[in-house]
K.L.:
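Can you keep this structure in mind? I'll have questions shortly.
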Amino acid sequence: MAETYDFATIERTWQERWERDGIYRALDTDPRPKYYVLEMLPYPSGDLHVGHAKNYTIGDAVARSMRMLGYNVLHPMGWDAFGLPAENAAIQRGIDPASWTRSNIANMQRQIRLMGTSYDWTREIATCEPEYYRWNQWIFLRLYEKGLAYKREAPVNWCPHDQTVLANEQVIDGRCWRCNNAVERRNLSQWFLKITAYGDRLLSDLDGLDGWPERTQLMQRNWIGRSEGTQFAFAVDGADAKIDVFTTRVDTVYGVTFLAIAPEHPVVATLKGIISAKQSAAIDAFAESLRSKSELERTSLLEKDGFFTGAYAVNPLSHERVPIWVTNYVLAEYGTGAVMGVPAHDERDFDFAKKHALPIAQVIAAPGTEVDAPLEAAFVEDGRLIASGDYSGMSSERARGAIAERLSAMGIGGKTVNFRFRDWLVSRQRYWGTPIPIVYCDACGEVPVPDAQLPILLPADVPITGEGSPLARDAAFINTTCPTCGGAARRESDTMDTFFESSWYYLRYLDPKNDALPWSPERAKRWMNVDQYIGGAEHAVLHLLYSRFFYKFFRDMGWVEGRDEPFERLFHQGMVLYNGEKMSKSRGNVVGIDETAQKNGVDAMRLFLLYVTPPEDTSDWTDEGISGRVRFLNRVWRACEPHLEKAKRISPRELPPTESSDEKALVRAVHVVAKSAIDEVASRRFHFNTTIAKLDELVNAMTGAAQKSPDSPAYLYAVHALPLLLAPYAPHIADELWSRLGHATSVHLERVIEPDDAALAVDEITLVVQVNGKIRARIAAQPGIAEAAAFALAEGDANVQAQLAGKEIRKRIYVPDKLVNIVVG
RNA sequence: GGGGAAGUGGCGGAACGGCAGACGCAGCCGCCUCAAAAGCGGCCGAGGCAACUCGUGUGGGUUCGAGUCCCACCUUCCCUACCA
């Protein structure tokens, strides 16, 4: 009787052996072609569930498959260890963020090992360790030197709950991405990274990212939001001031009937000098009514509103005087914060003009129409210019060029490009992050910390209350001496956005112990780019955009070579539900790794996660579903275990002799799996669900054969081949069987079974016979049957003859080894 | 308002433009058993006694042939939302 499959012991044993033997180490000197597969760096939140397991299982199946295909696979793991939850634990439970984080890392590392993943742990990193964040500071200083890191006052997103500023990318529907509270606008002096300087490259290089999901490329495109237009100045009547506007429709410039500016626009201060005190006060009140509102409330005010300043601007081309309005629909941070109001040709301006009874001047006519009646709605299409001075009669397209040239000649503007995205706000008023390496000196001003003084260590034992910036209150940290003059100085108390760390960690894995540089260029040349990146679609903009920006900067600095995109191919895994519901602690429906490993075994868990849906789809964890995979592994065990001794004599590398069609089918089933496994990684489709379905078919065939001819070479061949086929998906049982088959080294160091055409060939095909596209017969035939013979066979069939009777054959379609279609009239 | 993706049995899903529903889950029947569990074998889209007919959200189109390609619509999900 077959010994039962003791997954608990087997899984533990093999995990220990893999660790001991270091079989997943990626050596820098290995001559084989490299393959860098990476899963997004996890945040060490504490406990893993099967949703996390899906991500790592996909990556691990890819890593193991590529290893068995002969690649030198780099598959590292580490921890995105700075961030708010650690501080929240400190606030709520008085735990030191560092110890909280490190104990979470220890637990998650144990759980990730428990999943049987093939990581090279010698390259592990944690971003909260000084050996890592020192290089954050170093990279920040290089950005600073290039003018790509700068501090300025700007209206920024402020989360009142987390007591910190947020990047635009971290504001989701007007709410904080972390705590979901409504975000406010505040004018604060903050550190920014000049990501907009890379706008054009970030946009155009998306074209080359063929291995990225279309959707993600599109989201980045939309987020970057490049638009070409014209920027030019309106003079303020009666004051020495001008107001720059940006427009994509400079062809409508003769239709300007007002100027709309954001309440925060700096020109407001100047205007106050030429308008009455009463109006000034009213503008302030209006601006204040907006400022006190959260971003969420403000953007949900669909009604356009505004306030006439009492001042006028002069249209540089028509010389008309137009009123200047402060409005709620012009964004201070986009373009110039001022818009030329053309109600006839812009929907928003039209709404605004209607509400405030401003004139509507039509200057574009639809081709072939005359203008008579007043517009019912804004006409936003291109057309022919009317009432536009010298430009009347021109097409919109031509006029845009001509007018831009004119403005340029006048020295007041010209063509320009605007991006929708803004510079990346990277400073945070929080404790648990990388200190920004800047010192403020009364004599020397803003002074970058010299490299030799890095790292600026994050002090321990800082009280964390949730009120204000903890570092700002820590005198021992703040007070320092100026690196330039040696006088008393203060340190920057802000820390970096944690996305800073995660924008370059994939390079640190290449050279994790380097204490002279964040990584050596030779290592980068050896391993970059990341061949396959795997992670959630929620990072489609944030992390992936920042990483692309950093990598382009690194490329410009000469620290990396080749293509200036870090991630060659990208795969987003789908999430995991439990019985159709999202897993969450509050619902109490989280399926944990530890309990699953104990109850079902991790091989079963891995198989289920890969099998239940294609990996990019949402999958539903069910107790019945996982039982199915447990059953499968038991079937594998029963099919192999009693026959291992005999199977030792049969090489899995040589096709066995076959005596019956069943035996031939069994050998074929082996090669069907082998082919599917290779196809799924070669195509980067990673639909291992189809490969595992074919494994099921193989094991079903073996179960049948075990009853009839368990001693046949074909059967024993299947027994010996099965561990090689299972290895990427169920690595423990695979190695156990492999070792019991008499092998001294791990199955994971073996090559795949190359699919063999002879083994894949079938003895007989089913020829499908269609008449006018409808199936009328299925006839068994020889593979490779000649066209004429196929039709002879088809037309000899009684059923087919009945369909053909009395009709003329018009056309014969032949699909070799598959189908004939006889078209009759 | 704008953009994108997807609709296949009771369920998850298979299917280079060529036999729709592989494989699994659930269910049903049988064998084994004193019995149950496990295991093993079989059935499992709809209608029809049958030959056969119908069937991949709806309606068109391309094609010898469409779940697959094109157009329109419906539904669902996702992203984005005054970006001048």
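By convention in this document, chain letters (A, B, ...) are assigned in the order of the sequence lines, proteins followed by strands, and residues within each chain are numbered from 1.
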K.L.:
Please lay out, stage by stage, how Phe352(A) and Phe258(A) fare under the test ring pair (Phe, Tyr, Trp, His ring centres under 6.0 Å).
P.N.:
CA-CA 10 Å; Phe352(A) 189 78; Phe258(A) 63 98; 5.3 Å; yes

K.L.:
Can Asn222(A) and Arg420(A) be counted as having a side-chain donor-acceptor contact under 3.5 angstrom?
P.N.:
no

K.L.:
Could you classify rG9(B) for me, syn or anti, using a glycosidic angle within 90° of 0 as syn?
P.N.:
syn

K.L.:
Do Tyr334(A) and Ser227(A) have side-chain N/O donor and acceptor atoms under 3.5 Å apart?
P.N.:
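Yes, Ser227(A) and Tyr334(A) have a side-chain donor paired with an acceptor closer than 3.5 Å.
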
K.L.:
Decide salt bridge (charged side-chain N to carboxylate O under 4.0 Å, His left out) for Asp757(A) and Lys675(A); before the verdict, give the C-alpha distance in whole Å, the side-chain angles of both, and the deciding distance to 0.1 Å.
P.N.:
CA-CA 10 Å; Asp757(A) 287 342; Lys675(A) 183 170 188 322; over 6 Å; no

K.L.:
For nucleotides 20-27 of chain B, print each protein N/O atom paired with a nucleotide N/O atom at under 3.5 Å, atom names and distance only.
P.N.:
residue	atom	partner	partner atom	Å
rA22(B)	O2'	Glu697(A)	OE2	3.3
rC23(B)	O2'	Tyr611(A)	OH	2.6
rC23(B)	O2	Tyr611(A)	OH	3.1
rG24(B)	OP1	Asn700(A)	ND2	3.1
rG24(B)	O4'	Tyr611(A)	OH	2.5
rC25(B)	OP1	Arg631(A)	NE	3.1
rC25(B)	OP1	Arg631(A)	NH2	2.7
rA26(B)	OP2	Arg631(A)	NH2	3.4

K.L.:
Give me each pair satisfying side-chain hydrogen bond (donor to acceptor under 3.5 Å, both in side chains) with a member in residues 245-260 of chain A, each pair once, sequence neighbours excluded.
P.N.:
Arg249(A)-Asp251(A), Asp251(A)-Ser396(A), Asp251(A)-Arg400(A)

K.L.:
Give the intermediate values and the outcome of ring pair (Phe, Tyr, Trp, His ring centres under 6.0 Å) for residues Trp325(A) and Phe307(A).
P.N.:
CA-CA 5 Å; Trp325(A) 286 68; Phe307(A) 201 88; 7.7 Å; no

K.L.:
Please give the distance between the C1' atoms of rA36(B) and rC32(B) as a whole number of Å.
P.N.:
12 Å

K.L.:
Taking atom C1' in both rA72(B) and rG21(B), compute the distance separating them and give it to the nearest angstrom.
P.N.:
28 Å

K.L.:
Which nucleotide wins on minimum distance to the side chain of Leu331(A), given the candidates rA14(B), rA84(B), rC40(B)?
P.N.:
rA84(B)

K.L.:
List the steps and the verdict of side chain to side chain contact (heavy atoms under 4.5 Å, CB included) for Val636(A) and Leu722(A).
P.N.:
CA-CA 8 Å; Val636(A) 167; Leu722(A) 190 53; 3.7 Å; yes

K.L.:
Using a cutoff of under 3.5 Å, can you pull out all pairs of nitrogen or oxygen atoms linking the protein to nucleotides 54-56 of chain B, with atom names and distances?
P.N.:
none

K.L.:
Quickly work out the Gln707(A) CD to rG39(B) P distance and round it to whole Å.
P.N.:
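Value for this atom pair: 14 Å.
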
K.L.:
Sequence neighbours left out, what passes side chain to side chain donor-acceptor pair (under 3.5 Å) with Asn689(A)? Give chain and number order.
P.N.:
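Listed in chain order: nothing, the list is empty.
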
K.L.:
Test of understanding: with side chain to side chain donor-acceptor pair (under 3.5 Å), list the residues that count as partners of Lys807(A), not counting sequence neighbours.
P.N.:
none

K.L.:
Between rC23(B) and rC73(B), how far apart are the two P atoms, rounded to whole Å?
P.N.:
40 Å

K.L.:
Describe the nucleic acid contact of Leu218(A) in one word from base, sugar-phosphate, nothing, applying a heavy-atom distance below 4.0 Å.
P.N.:
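Here Leu218(A) touches the backbone only, sparing every base.
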
K.L.:
Tyr814(A): what forms a side chain to side chain donor-acceptor pair (under 3.5 Å) with it, not counting sequence neighbours?
P.N.:
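In terms of side chain to side chain donor-acceptor pair (under 3.5 Å), with neighbours along the sequence ignored, Tyr814(A) is linked to no residue.
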
K.L.:
What is the separation between atom CG on Leu633(A) and atom C1' on rG39(B), rounded to the nearest whole Å?
P.N.:
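Distance, rounded to whole Å: 16 Å.
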
K.L.:
For Arg226(A) and rA84(B), give me the distance from atom CZ to atom P, rounded to whole Å.
P.N.:
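Atom CZ in Arg226(A) sits about 12 Å away from atom P in rA84(B).
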
K.L.:
What residues, two or more places apart in sequence or in another chain, satisfy side-chain contact (heavy atoms from CB on, under 4.5 Å) together with Asn799(A)?
P.N.:
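By the side-chain contact (heavy atoms from CB on, under 4.5 Å) rule, Asn799(A) matches Asp797(A).
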
K.L.:
How many whole angstroms separate atom NZ of Lys708(A) from atom C1' of rG41(B)?
P.N.:
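Computing the Lys708(A):NZ to rG41(B):C1' distance gives 12 Å.
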
K.L.:
I need the Gln770(A) CD to Ile813(A) CD1 distance, nearest 0.5 Å.
P.N.:
9.5 Å

K.L.:
Quick check for you: to the nearest 0.5 Å, what is the distance between Glu381(A) atom CD and His345(A) atom NE2?
P.N.:
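Interatomic distance, Glu381(A) CD to His345(A) NE2, rounded to 0.5 Å: 11.5 Å.
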
K.L.:
Just call it for Glu347(A): base, sugar-phosphate, or nothing, with non-hydrogen atoms closer than 4.0 Å on any strand.
P.N.:
nothing

K.L.:
Nearest whole angstrom, please: distance from the C1' of rC16(B) to the CD of Glu680(A).
P.N.:
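It is 13 Å, rounded to the nearest whole Å.
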
K.L.:
Using whole Å, what does the distance between atom C1' of nucleotide rG12(B) and atom CG of Leu610(A) come to?
P.N.:
15 Å

K.L.:
When you compare the protein's N or O atoms with those of nucleotides 77-81 of chain B, which come within less than 3.5 Å of each other, and at what distance?
P.N.:
residue	atom	partner	partner atom	Å
rC78(B)	O2'	Arg215(A)	NH1	3.2

K.L.:
Assess the side chains of Asp423(A) and Thr196(A): does a donor N or O sit below 3.5 Å from an acceptor N or O?
P.N.:
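There is such a pair between these side chains.
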
K.L.:
Look at all strands and tell whether Val823(A) reaches a base, only sugar-phosphate, or nothing, counting heavy atoms closer than 4.0 Å.
P.N.:
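The answer is sugar-phosphate, as Val823(A) gets under 4.0 Å only of primed atoms, P, OP1 or OP2.
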
K.L.:
Apply the test side chain to side chain contact (heavy atoms under 4.5 Å, CB included) to residues Val363(A) and Leu385(A): give CA-CA distance (whole Å), side-chain angles for both, the deciding distance (0.1 Å), then the verdict.
P.N.:
CA-CA 6 Å; Val363(A) 292; Leu385(A) 272 69; 5.9 Å; no

K.L.:
Where does RNA chain B form stems of at least three consecutive Watson-Crick or G-U wobble pairs, each pair having both distances below 3.5 Å?
P.N.:
B:1-7 with B:74-80, B:10-12 with B:23-25, B:27-31 with B:39-43, B:45-47 with B:52-54, B:57-61 with B:69-73

K.L.:
Just distance, no hydrogens or angles: give the donor-acceptor pairs under 3.5 Å from side chains in residues 691-698 of chain A, sequence neighbours left out.
P.N.:
residue	atom	partner	partner atom	Å
Thr691(A)	OG1	Ser676(A)	OG	2.8
Asp696(A)	OD1	Arg629(A)	NH1	2.8
Asp696(A)	OD2	Arg629(A)	NH2	2.9

K.L.:
Run the ring-ring contact (aromatic ring centres under 6.0 Å, His included) test against Phe192(A) and tell me which residues pass, sequence neighbours left out.
P.N.:
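Counting only residues at least two positions away or on another chain, Phe192(A) forms a ring-ring contact (aromatic ring centres under 6.0 Å, His included) with Tyr150(A).
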
K.L.:
Map Leu819(A) and Thr247(A) onto RNA chain B by nearest heavy atom, then report which one ends up closer to the 5' terminus.
P.N.:
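Nearest nucleotide further toward 5': that of Leu819(A).
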
K.L.:
Do Asp623(A) and Tyr578(A) pair up side chain to side chain, a donor and an acceptor below 3.5 Å, judged on atom types alone?
P.N.:
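Per modelled atom types, Asp623(A) and Tyr578(A) side chains form a pair under 3.5 Å.
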
K.L.:
Using the P atom on both, measure rA15(B) against rA26(B) and round to a whole Å.
P.N.:
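Those two atoms are separated by 23 Å.
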
K.L.:
Let me know the distance between OH of Tyr5(A) and C1' of rA38(B), rounded to the nearest Å.
P.N.:
18 Å

K.L.:
Are there any protein N/O atoms within less than 3.5 Å of an N/O atom in nucleotides 49-52 of chain B, and if so, which ones and at what distance?
P.N.:
residue	atom	partner	partner atom	Å
rC52(B)	OP1	Asn799(A)	ND2	3.3

K.L.:
Can you tell me if the side-chain N/O atoms of Lys818(A) get under 4.0 Å from OP1 or OP2 in rG18(B)?
P.N.:
no

K.L.:
In whole angstroms, how far is the P atom of rA84(B) from the CG atom of Asp244(A)?
P.N.:
17 Å

